Participant: 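Below is a structure I'd like to ask you about.
Letters go in sequence order (proteins before strands), and every chain restarts at 1. Just so you know, these numbers use all the heavy atoms, side chains as well, and skip hydrogens, waters and symmetry mates. It should be emphasised that the depicted structure is a prediction, and the values quoted were computed from it without experimental measurement.
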Protein chains: 2
Amino acid sequence: MTDQKDKSVPTIADVARAAGVSTATVSRCLNAPDRVQKATRQQVMAAIARLGYTPNFGARALVARRTNTIGAVIPTMENAIFARGLQAFQETLNERGLTLLVASSQYRQDLEEDQVRNLIARGVDGLLLIGYQRSESIALECARRGIHAIIAWAFEPGRPQPAVGFDNSAAMAALTREVLALGHRQVGVISAGTGSNDRARKRVEGIRAALRAAGCAADSLHVVETTYAIDAGSAAFRELMARTPRPTAVMCGNDVLAVGAIRAARQMRLRVPQDVSITGFDDIEIATVIDPELTTVHVPHREMGRRAALALLEALETGTPPAPVELATDIRFRASLGPPPPDPRTTA
Amino acid sequence: MTDQKDKSVPTIADVARAAGVSTATVSRCLNAPDRVQKATRQQVMAAIARLGYTPNFGARALVARRTNTIGAVIPTMENAIFARGLQAFQETLNERGLTLLVASSQYRQDLEEDQVRNLIARGVDGLLLIGYQRSESIALECARRGIHAIIAWAFEPGRPQPAVGFDNSAAMAALTREVLALGHRQVGVISAGTGSNDRARKRVEGIRAALRAAGCAADSLHVVETTYAIDAGSAAFRELMARTPRPTAVMCGNDVLAVGAIRAARQMRLRVPQDVSITGFDDIEIATVIDPELTTVHVPHREMGRRAALALLEALETGTPPAPVELATDIRFRASLGPPPPDPRTTA
DNA sequence: TTGGCGAGTGTAAGCGCTTACATATTCCCA
DNA sequence: TGGGAATATGTAAGCGCTTACACTCGCCAA
């Protein structure tokens, strides 16, 4: 089938023949133009253009042992959480002549591992990964091949791995303190599954830590784990509202869940924040589009992407792993967070 | 730097030696396991596992002339428009053992062309492209290499190119008729740049056609072109509201713009739909999260992605380009669309 | 004049893999 | 019991490219 391929895709040998030079000269024109005389080079370039020649990437990678390609494995492309940071990552890479290959793991550790292997087999020179949690065989494999892997969207003090991120636990603890300061004592939490998602786990830990520090009883915290989707956020919110005592504030593991919670509140005719407060995490665009606008933890996505790219670039050049970088987050106070209702109606 | 690479990345020869067989047998274990005896295979597999061997993708592609990889170039990853369809596309591909490589073009034709060439050089077996509009050299190049390219997110009757999409113009015309039926006569439009985006252009054309069919004067249509972003939608909405006569309905080229428009309306203390109606296109998740919920054209994203994958798969197998497929869209009536205000206040 | 040098170019050896073909082994039936 | 088919495995060519090394040539200092 489609055997017209046969002779119509030009190789470097075709170009060499057409230009009356050797394949080495053609190769040099492409990779080190200043090492060939101008007249020769022009002839070669003309032949390349005439034939529509494109170097075969696989062959090139096979011998050059460098692909100028970076791989990234993100949990999902379906929501905007990683989009902006990844965009900045890609832009910075492109400026330096590198290409980005993206794969998604659907928040599944086994799939992430597959995708990483796949990218490595494709010869990526470096890797961007989300969070710390993964089988350690991946790190071993990278080390063996001399591939630098950098972690983003997370930073845990004391961890030696190269990372450009923020302290999920501390950021969420800070937000929790604000919630408590307003007088809330019954706090509900909607989180992504904490089993295989260390960012989600750290965020919940941050909430627990802040509650503990404030002397709140552990049983005043209601946690619902669910998947990262708007509908899931809505369902989880309903579940929390059915509990006794009913939470006066619902803190969500990210903005997507929070938006689902707000929608559910609207459908339940609960006023936000008069009847119940809702908070998010990430500060993606949707946070200022929803009514009421969402109080959330702002994450410097673009800066994170850019700095992760720079760190990786540097690692590639120097051969030494970059030092971890902690980025600051801050809280964006918007309408969805307020004091608890005066009558605490602790029973639904 | 990192020259530990040297002997520590195992090749097929290392595996062969470790298992006491030839490289051909190792290769067969991987590519046609039933052509080697069970005992031999087990030894080979054990050696592979012990050494942590991964076939080098470039070398494999070089000789096999097939990569089992499909490339997709989408305009942007930043918003959710393409996310769901692409996800379905990928899932269907994965089920069949193919890998997806995604690149983004930022809605720029020159970048799209670069990305396509890049993907082709990487040896993709097939391509998913958005919309019809691009330099024809791309089609030529694909034909020469026997690469099947399939168009999605658009379907134009009479066009021969393989496509799985919907009729942007007809869909928008249908929505426009509903707007007109409610009594609106002053219609504003917020569109993405129509210069290099044929879907955006067709949508605006659909609106014009419906207005013309209803006997509306051409000057009752106010079009603002902007970029695909929530903020841009907000700004464009403000601009439209400043015009005289002021539109009673604002039709947006997609949901992202519409959401920006709704936010701007809220900030301007305009009630939607009592003071002004707003419609979208795409029916992404945000449409049911915004308040008021958005009346929009529902696009079967997942089905489109799945069917595009199936069409491509079939093309790969049979070698013949698949016939174009038109998918139906329908209108989701929600709160953002209502009759025009009784007092038309045609002046701001 | 001669030797040496540098610049420009060519020759050819692989990179890691698949696969056509050759070879070895087994098994069945005449 | 022998011949040939069927099965299992090995040998080696070559995919398209880069690059070490060899070669040629013109130039200048000795």
Side-chain angles (χ1 to χ4, degrees), chain A residues 3 5-45 47-48 51-69 120-123 125 145-146, chain B residues 3 5-45 47-48 51-69 120-123 125 145-146:
Chain A
D3 266 340
K5 278 191 183 189
D6 272 6
K7 252 317 14 118
S8 65
V9 175
T11 72
I12 200 172
D14 296 322
V15 175
R17 207 172 308 121
V21 299
S22 74
T23 62
T25 300
V26 176
S27 176
R28 276 190 283 258
C29 281
L30 261 21
N31 301 301
D34 43 314
R35 301 193 58 249
V36 356
Q37 215 153 8
K38 198 169 171 210
T40 322
R41 194 181 351 154
Q42 284 173 342
Q43 286 206 334
V44 171
M45 288 316 197
I48 288 179
L51 270 55
Y53 167 75
T54 322
N56 179 308
F57 181 84
R60 191 175 241 190
L62 187 55
V63 37
R65 285 151 177 297
R66 193 165 205 280
T67 57
N68 290 319
T69 300
I120 289 179
R122 292 188 122 85
D125 300 329
R145 310 223 177 203
Chain B
D3 266 339
K5 279 191 183 188
D6 271 6
K7 251 324 359 125
S8 67
V9 175
T11 71
I12 201 171
D14 296 322
V15 175
R17 207 172 307 121
V21 299
S22 73
T23 61
T25 301
V26 177
S27 176
R28 277 189 282 258
C29 280
L30 261 20
N31 301 301
D34 43 315
R35 301 194 59 249
V36 358
Q37 214 154 8
K38 197 168 170 210
T40 320
R41 194 182 352 158
Q42 284 172 343
Q43 285 206 336
V44 171
M45 287 318 198
I48 288 178
L51 271 55
Y53 166 75
T54 323
N56 178 307
F57 181 83
R60 191 176 243 188
L62 187 56
V63 37
R65 293 159 165 290
R66 192 164 206 279
T67 57
N68 290 320
T69 301
I120 289 179
R122 291 189 123 85
D125 299 329
R145 311 224 176 203

Participant: Once rounded to the nearest 0.5 Å, what's the spacing between atom OG of A/S27 and atom CZ of A/R60?
Facilitator: 7.5 Å
Participant: Which residue lies toward the 5' end of DNA chain C, A/V21 or B/A24, if each is placed at its nearest nucleotide?
Facilitator: A/V21
Participant: On DNA chain D, compare the nucleotides closest to B/A59 and A/T23; which residue's is nearer the 5' end?
Facilitator: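 Nearest nucleotide further toward 5': that of B/A59.
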Participant: Which is more 5' along DNA chain D, the nucleotide nearest B/L62 or the one nearest B/Q37? Just name the residue.
Facilitator: B/Q37
Participant: Heavy-atom distance under 4.5 Å between the side chains of A/V36 and A/V44, does that happen here?
Facilitator: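 No, side chains not in contact.
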Participant: Got B/R65 and A/V9 here, is their nearest side-chain heavy-atom distance under 4.5 Å?
Facilitator: no
Participant: At under 4.0 Å, does any side-chain N or O of A/T25 touch on OP1 or OP2 of C/dG10?
Facilitator: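 Indeed, a polar side-chain atom of A/T25 lies that close.
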Participant: Classify the side chain of A/R41 and the base of C/dG8 as holding, or not holding, a donor-acceptor pair under 3.5 Å.
Facilitator: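 Counting by modelled atom types and ignoring angles, no donor-acceptor contact under 3.5 Å is found here.
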Participant: So A/F57, base contact, sugar-phosphate only, or nothing? Heavy-atom distance under 4.0 Å.
Facilitator: nothing
Participant: Verify the distance criterion only: is there a donor paired with an acceptor across the side chains of B/T40 and B/R28 at less than 3.5 Å?
Facilitator: no
Participant: Which distance, rounded to the nearest 0.5 Å, do you find between the OG1 of A/T67 and the CZ of B/F57?
Facilitator: 12.0 Å
Participant: For the atom pair CD1 (B/I12) and CG (B/L51), what is the distance rounded to the nearest 0.5 Å?
Facilitator: 12.0 Å
Participant: Would you grab the first and last nucleotide of DNA chain D (5' to 3') that comes under 4.0 Å of any non-hydrogen atom in chain B?
Facilitator: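 Answer, 5' to 3': D/dA8 to D/dG16.
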Participant: Please state how far atom CZ in A/R35 lies from atom P in C/dG10, giving the value in whole angstrom units.
Facilitator: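 Going from A/R35 (CZ) to C/dG10 (P), I get 13 Å.
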